Each structure stands twice: as C-alpha cells, then as structure tokens.
Amino acid sequence: MPRPLRATRYAEGASPSLIWMITAKLPYLSYAEAIEFYHDWVPKLTPSERALLGCNDRYFLITGMLNRSDALEPKVTPKAAAWLYDRAREVEAEPDGYIDLWARFHWKSSLLSFAGVIQEVLCDPELTVGIFSITKDISEKFLKQIKEELETNEELKATYADVLWENPRQEASSWSLKGITVKRCGNPKEASCEAHGLIDALPTGRHFGLLVYDD
C-alpha cells in the first residue's frame, strides 16, 4: 500500500517518478535495493527533491544528510547495516504507541530521538516536541545533539532553508538547552524542541504536539 507523502511543499516540480518511488516503492525495498536506489537517484536530485526524500526516508536522512555513515558498510557488517535499515523502515511505518526494546547500542536514540525528531520538525516546522528522560540532564543530552547538528550541518541548513536558521544562535527566538526554535509562523509558548525530566523539572502548562521518551 502506498504511504502518504510527507512535506508536500517540496513536491512542487519534483519528478513524478521520484514521488512514486518515495510513496510506493522505496518503503518496501531491501537494504541492498535501497543502496542501489540511492546510488542511482540521489546524485541527480534537485535540492527540493533531496529535501523531499529526507522528509520521507529516515534512513537516507540519517546516513545521507546527518552524516551518520557508521550505519553503512564497510563501517558495519552487511548484516548489521541491513538490520539498522530495517529498524528505520519499521519506525517510519508505525512511529507511535510502541516501546522500542532493542538492545543497547543498537541505534534506538539515533533513529528515534535524533533523526526522528529532526525529521518531524523538518516535515512540520509548526510542531512542538518534548523530549523526556528520567531526569532533565539526560534529556538535555539528546537536545544538545540535535541543537549542535542544526547549528553546524551546513548542507542540512541549505537544503531546509525554509525551516532552519543560517545562524541560529543569533537569529532564533530561543536557542539553548532550555529549548530550540526553528523558523515557524506560529508563536506558541513551547519551543520547537524542549528537554524535560520525569522526576525533576517536570514541566507544567506545556502542550507538545509530539512526546518522545528516551532513557
């Protein structure tokens, strides 16, 4: 079954073949088939098409745009790379309502709390995300990773210039471990992404569009 196209603002002028691949074909490819697709298609994509692919393909986002090549061969074995690819497809298909009990050091935080949060905000800049851990200092580590990526990844900032600030420390209304805010039309009291603790500093009066729990 074809999947809904996300971030349709990037689809204007995009190749119909690419849109068909993203919605009907790519989610169901094997790891080897997906790598072949990236090899053949990505070098030919326009910036807008690349932005569209990143919003709809978390594995491409994390390995091709967030520079996590450690999920690819030869830095990991073919079996491990295929396993990570399958987990990315799994969380894309059904992102909500599950406790992910993979073993430690198996990319839960990287795929869900790092790439997942970034992808959700890129798709919908009006979204507000609350990251929760048992204590605030733990959740702030996830926010810090996201914050630094959105500060330093020049390719990502250029690709998503309608969402990400060129110089967020100077331009964003909030840009610290208290919360980071991307370009958006609305002005809710919540930042685009905040970090909170469950047993200390539990927020009051906050209404997030997405809650992410990570230990």
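Residue indices begin at 1 and follow the sequence shown. Quick caveat, the model's predicted, so the values are computed rather than measured.
- Closest approach of Leu66 to Phe114, counting heavy atoms only: CD1-CE2, 3.8 Å.
- Within a 6.0 Å radius of CD in Glu154, other residues, nucleotides and ligands contribute more than 12 heavy atoms.
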Begin with the C-alpha distance, continue with both residues' side-chain angles, and end with the deciding distance and a verdict on side chain to side chain contact (heavy atoms under 4.5 Å, CB included) for Ile138 and Asp214. CA-CA 9 Å; Ile138 296 176; Asp214 198 320; over 6 Å; no

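- Put simply, CG on Leu18 and CG on Leu45 are 5.5 Å apart, with the number rounded to the nearest 0.5 Å.
- Cation-pi geometry between Arg50 and Phe60 is not satisfied (NZ or CZ under 6.0 Å from the ring centre, within 45° of the ring normal).
- Put simply, NZ on Lys79 and OH on Tyr31 are 15.0 Å apart, with the number rounded to the nearest 0.5 Å.
- Under the 30°/60° scheme for interplanar angles, the aromatic rings of Phe208 and His196 are found to be tilted.
- Looking at Leu26 and Leu53, their side chains come closer than 4.5 Å, going by heavy atoms from C-beta outward.
- Thr135 places no side-chain N or O within 3.5 Å of a backbone atom of Gly197 that could act as its donor or acceptor partner.
- Considering CE of Met65 and CG of Asn153, their distance stands at 7.5 Å, rounded to 0.5 Å.
- Residue Glu33 places its CD atom among more than 12 non-hydrogen atoms of other residues, nucleotides or ligands, all under 6.0 Å distant.
- Ion pairing between Arg89 and Asp57 holds under the 4.0 Å rule for side-chain N and carboxylate O.
- The number of heavy-atom neighbours closer than 6.0 Å to NZ of Lys44, taken from other residues, nucleotides and ligands shown, is 12 or below.
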Dump the intermediate steps for side chain to side chain contact (heavy atoms under 4.5 Å, CB included) on Ile19 and Leu52, then the final yes or no. CA-CA 9 Å; Ile19 293 175; Leu52 184 67; 4.2 Å; yes

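- Every pair passing salt bridge (Lys or Arg N to Asp or Glu O under 4.0 Å) that includes a residue from residues 127-146 is listed here, sequence neighbours excluded: Lys144-Glu148.
- For the pair Thr77 (side chain) and Ala80 (backbone), a donor-acceptor distance under 3.5 Å is present.
- Residues Ser15 and Glu49 are in side-chain contact: their nearest non-hydrogen atoms beyond the backbone lie under 4.5 Å apart.
- Considering every non-hydrogen atom in both Leu143 and Ile131, the closest pair reads N-CD1, 4.5 Å.
- Follow the hydrophobic side-chain contacts under 4.5 Å out from Ile134 and you never reach Tyr213; the two are in separate clusters.
- In this structure, the side chains of Tyr85 and Thr63 stay at 4.5 Å or more apart for every pair of heavy atoms.
- The environment of Glu166 atom CD is sparse: at most 12 non-hydrogen atoms of other residues, nucleotides or ligands sit within 6.0 angstrom.
- The same ILVMFWY cluster, assembled from side-chain heavy atoms under 4.5 Å apart, contains both Val42 and Leu122.
- Taking each heavy atom of Glu194 and Gly179 in turn, the nearest pair found is CG-CA, 4.2 Å.
- In this structure, Glu92 and Leu111 have side chains that are not in contact, with every pair of non-hydrogen atoms separated by 4.5 Å or more.
- Here OG1 of Thr159 is found 10.0 Å from CG of Leu61. Values are rounded to the nearest 0.5 Å.
- In this structure, Trp175 and Glu151 have side chains that are in contact, with non-hydrogen atoms separated by less than 4.5 Å.
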For the pair Arg87 and Leu112, evaluate side chain to side chain contact (heavy atoms under 4.5 Å, CB included) and give the outcome as yes or no after the intermediate values. CA-CA 10 Å; Arg87 300 291 74 72; Leu112 300 170; over 6 Å; no

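- No side-chain donor-acceptor contact under 3.5 Å links Tyr10 and Asn56.
- A continuous path of Ile, Leu, Val, Met, Phe, Trp and Tyr side chains, each step under 4.5 Å between heavy atoms, connects Leu211 with Leu202, placing both in one hydrophobic cluster.
- Between the side chain of Thr181 and the backbone N or O of Ser173, no donor-acceptor pair lies under 3.5 Å.
- Between Val212 and Phe132, the closest side-chain pair of non-hydrogen atoms is not below 4.5 Å.
- In this structure a side-chain-to-backbone donor-acceptor pair under 3.5 Å is present from Arg9 to Cys123.
- Judged by the 6.0 Å distance and 45° axis criteria, Lys183 is positioned over the aromatic ring of Trp165.
- Of the listed residues (Leu29, Ile22, Thr23), just one forms a side chain to side chain contact (heavy atoms under 4.5 Å, CB included) with Lys25, and that residue is Leu29.
- Among all heavy-atom pairs drawn from Cys185 and Glu126, the shortest one is N-OE2, 2.7 Å.
- Residues Leu127 and Val129 come closest through the heavy atom pair CD2-CG2, 3.8 Å.
- The ring-ring contact (aromatic ring centres under 6.0 Å, His included) search around Phe142 returns none, not counting sequence neighbours.
- At least one side-chain heavy atom of Thr128 sits under 4.5 Å from a side-chain heavy atom of Arg184.
- A 4.5 Å side-chain heavy-atom check between Cys55 and Tyr160 finds at least one atom pair inside the cut-off.
- Leu210 CG to Ser192 OG: the interatomic distance, rounded to the nearest 0.5 Å, is 12.0 Å.
- Going from atom NZ of Lys189 over to atom OG of Ser174 covers 14.0 Å, rounded to the nearest 0.5 Å.
- No donor-acceptor pair closer than 3.5 Å links the side chain of Gln119 to the backbone N or O of Ala115.
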